[in-house]
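Encoded as structure tokens, the structure appears first; notes follow it.
Worth saying up front: this structure is predicted, and the values here are computed from it rather than measured.
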Amino acid sequence: MRGDPSILHVDLDAMFAAVEQRDKPSLRGKPVVVGGVAGRGVVSTASYEARVFGVRSAMPMAQARRLAPWSTAYLSPRFAAYKRTSEVVMRLLGEVSPLIEQVSIDEAYVDLAATGTDLSVDGVTALALELKARIATATGGVTGSIGAASSKLLAKIGSDLNKPDGLTVVPPGEELAFLHPLPVNRLGGVGPATEQRLHRSGVRTIGDLAAVSLEHLIDWFGQSHGAGLFRLARAQDDRPVISEREAKSVSAEETFGIDVTDPVRLKRELDLLSARVAGRLRSGGLAGRTVNIKVRHGDFTTVTRAFTRDHPTDDGRLVAQLARRLLSEVDTSGGIRLLGVGVSTLTDFAQDDLFSETQHAADLFPVLPVAGISDEPAMIAAPPPAAILSAVPADGPAPVTSGPSSPESSKSPEFPAPEGSGVAQTGAEPGTEDGPVAWRPGQDVLHDEMGAGWVQGSGLGRVTIRFEGPLTVRGPVRTFAVDDPRLHPTDPPSWVIS
């Protein structure tokens, strides 16, 4: 850890839902759920109004519909709008420090150490408050929470403590006093299964966890996960803030239509994914030191495991060998929904191994594992059924029905489409020569006469549009035939007053 709170973790609050509420005045202050609205769809983000009813990220959309009230808006993601907002925020962070590590579309670490900033608690607090205000202004009202501390671990925990629009600065020397009273599930390495195991042993706070011996933790959770928990509970985290180029990774993953329990098949899938990753590394002239796997269970709990080698590799056999070893630390008996393999800590050359693959595999040093519910969407979407419920209720309590969902696809490589979303990411006209027109709930549209609006619902050959935008008041609603030639998909609206 450092001697000052010079690491910031900036996390936009319920970003997808916040952007939808910004761009759709009629949804402000109402429950909004963004994600896959068809098939085995999953919640990507729920607004804070929806979270009051128990709706959470990574929850099956069917469960979210049971929990939330009838007035809730269920929207397909608009990644172009989210990416545009993210880029504005990342540019602002770049004005604060040249060293930014963007870890997802809505969060990043900022290193203040080389900026000449006053790194006292008061100085960092003032800077963070100013940054929060600038983010809200530049994004049209999307807020962010900030944690500031001497390590990434504590900064990330701090940003999550007082959401939304929160700020937590951990004074140097008070790291353990801050960390130990918190519930054990605040640690990134403690997901639902790990939390239950710890609770059975009387471990409920991070301070309780710090009192457990390393031997016991390894016995309970295995070498990698147990050692990681031991370090996390003691706030032992010296990870640096890594620039964008250094943070790049190459990965591949597969979502299964039916949860897989067969260990032989899982190993075979790991081998195939490892071969794909290695091929991409070689085609890009890259090699990496860190091999990681991602495992999503049938209940949507997501676990990741990673090993870091001394030397980079682009050898698919070695990647597969390490991935299998990591998978052996994960309980797969309940079924696996998604499996992924990745390589990071990249370099643009591959150093020849001085030892055999077996020797390297035995000498690996594990990095901190992370387990728990993940907001990260899957790469491959499950196909939707022929009809789905509308995302947005009309002005009365009865929802309308929606027509067929667009073909499955993923968004940009940086931000893949949510699992089960079935969302088309192109700006092409809806429908195909061989299929009916399909409008996605929440989609941006332009009518030749009425102007810009968004899809409130569709079905039975009709589409309902609400004509409003981020700079208008609550707008009127009109219904058209789905193939009305005056109606066109369009780009997300601007929230900036020209």
Quick one: do the [X] and [Y] side chains pair a donor with an acceptor below 3.5 Å?
X      : Y      : value
Ser26  : Glu468 : yes
Arg22  : Thr85  : yes
Arg466 : Gln456 : yes
Asp122 : Ser120 : no
Ser150 : Glu175 : yes
Tyr82  : Glu20  : yes
Thr464 : Thr479 : yes
Asn162 : Thr168 : yes
His488 : Asp448 : yes

* Run the numbers on Val55 and Thr72 for side chain to side chain contact (heavy atoms under 4.5 Å, CB included), then give the verdict. => CA-CA 11 Å; Val55 181; Thr72 301; over 6 Å; no
Quick one: [atom1] on [X] to [atom2] on [Y], what's the gap to the nearest 0.5 Å?
X      : Y      : atom1 : atom2 : answer
Arg474 : Lys24  : CZ    : NZ    : 14.0 Å
Arg186 : Thr205 : CZ    : OG1   : 13.5 Å
Leu93  : Leu8   : CG    : CG    : 8.5 Å
Arg296 : Leu339 : CZ    : CG    : 11.5 Å
Phe79  : Lys83  : CZ    : NZ    : 11.5 Å
Asp23  : Trp495 : CG    : CH2   : 7.5 Å

Specify the closest pair of heavy atoms between [X] and [Y], including all atoms of both residues, with the distance to one decimal.
X      : Y      : result
Ser159 : Asp11  : OG-CB, 4.1 Å
Val43  : Ala64  : CG2-CB, 3.8 Å
Arg462 : Ala481 : NH1-N, 3.6 Å
Val170 : Pro5   : O-CB, 3.8 Å
Val277 : Ala252 : CG2-N, 3.7 Å
Lys163 : Ser145 : CG-OG, 3.3 Å

State, with a plain yes or no, whether a side-chain heavy atom of [X] is found less than 4.5 Å away from one of [Y].
X      : Y      : result
Val32  : Glu49  : no
Val89  : Asp106 : no
Ile135 : Val10  : yes
Ser344 : Thr290 : yes
Val110 : Ile7   : no
Arg65  : Val37  : yes
Asp13  : Asp165 : yes
Leu338 : Glu253 : yes

Would you say the side-chain atoms of [X] pair up with the backbone N or O of [Y], donor to acceptor, closer than 3.5 Å?
X      : Y      : value
Arg204 : Leu209 : no
Arg134 : Leu92  : no
Lys152 : Tyr109 : no
Ser97  : Asp111 : yes
His297 : Asp259 : no
Thr115 : Thr117 : yes

* Could you please spell out the steps behind the side chain to side chain contact (heavy atoms under 4.5 Å, CB included) verdict for Ser47 and Gln21? => CA-CA 9 Å; Ser47 70; Gln21 290 175 320; 3.9 Å; yes
* To do: Using a strict cut-off of less than 4.0 Å between a Lys/Arg side-chain nitrogen and an Asp/Glu carboxylate oxygen, indicate whether Arg2 and Asp4 qualify as a salt bridge.
  =>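 So Arg2 does not pair with Asp4 through a salt bridge.
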* Start with the C-alpha gap between Leu131 and Ile146, add the side-chain angles, then the distance that decides, and say whether side chain to side chain contact (heavy atoms under 4.5 Å, CB included) holds. => CA-CA 9 Å; Leu131 179 58; Ile146 297 180; 3.9 Å; yes
* Asked: Between Phe256 and Glu269, is a side chain to side chain contact (heavy atoms under 4.5 Å, CB included) present by the stated rule, with each step listed?
  -> CA-CA 11 Å; Phe256 308 116; Glu269 295 289 348; 3.8 Å; yes
* To do: Under the side chain to side chain donor-acceptor pair (under 3.5 Å) rule, what do His9 and Asp160 come out as? Steps first, then yes or no, please.
  => CA-CA 9 Å; His9 183 260; Asp160 192 51; over 6 Å; no
